[in-house]
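Below is one structure; the comments refer to it alone.
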Amino acid sequence: MTATALSNPQQAKMIVTLEDKALAPDIKRVLRMIRGVASVRMARVDDDSRISPALHARIKKAREESAHNETIVCSTPDEMQKYFDSL
């Protein structure tokens, strides 16, 4: 993930934190199946010095929400697909 300006203002970036990186291939496969997903890449947020302070703050907030169970949790790719289909 980078904090550079997007060439298309309609684009958005999403950060997904996985507890088990073994799930990454399945998550990437499911995300690629969703209409409108332009690309799926892996990056360690802690290692990316190009991330802006504002994005770091949003990541911190997301981690706090996750710690307080204030997030949507999908245990399998099928659960995630069912959630996306319900939107």
Side-chain angles (χ1 to χ4, degrees):
M1 295 292 193
T2 64
T4 58
L6 298 172
S7 59
N8 180 349
Q10 299 299 326
Q11 289 181 332
K13 294 188 178 189
M14 176 186 291
I15 296 173
V16 176
T17 304
L18 302 175
E19 292 177 2
D20 180 0
K21 70 179 184 178
L23 296 173
D26 290 334
I27 301 295
K28 288 170 69 173
R29 181 179 49 80
V30 169
L31 290 174
R32 285 188 190 112
M33 293 178 1
I34 300 169
R35 183 179 63 244
V37 172
S39 69
V40 179
R41 293 179 285 155
M42 298 289 295
R44 284 191 48 98
V45 174
D46 299 335
D47 295 341
D48 193 341
S49 60
R50 298 172 295 172
I51 293 178
S52 69
L55 182 54
H56 274 293
R58 292 196 321 248
I59 292 168
K60 181 180 177 185
K61 181 180 179 207
R63 287 180 175 156
E64 290 170 356
E65 289 173 355
S66 177
H68 293 101
N69 295 322
E70 297 172 354
T71 58
I72 296 167
V73 177
C74 299
S75 300
T76 66
D78 290 334
E79 284 182 19
M80 184 186 312
Q81 188 61 51
K82 286 178 186 175
Y83 169 73
F84 285 133
D85 289 344
S86 72
L87 297 178

Interatomic distance, CG@Leu18 vs CE@Met42, rounded to 0.5 Å, equals 6.0 Å
NZ of Lys61 to CD of Glu65: how many Å apart, nearest 0.5 Å?
5.0 Å
For residues 29-38, dump all side-chain donor-acceptor pairs below 3.5 Å to protein atoms at least two apart in sequence or in another chain.
none

Is Glu70 atom CD crowded by more than 12 heavy atoms from other residues, nucleotides or ligands, each under 6.0 Å away?
yes
Residues in side chain to side chain contact (heavy atoms under 4.5 Å, CB included) contact with Ala62, at least two apart in sequence or another chain:
none
Kindly compute the distance separating SG (Cys74) from CG (Leu23), expressed to the nearest 0.5 Å.
11.5 Å
Rounded to the nearest 0.5 Å, what separation is found between the CD atom of Gln81 and the OG atom of Ser86?
10.0 Å
Surrounding CZ of Phe84 (heavy atoms of other residues, nucleotides or ligands, distance under 6.0 Å), is the total greater than 12?
yes
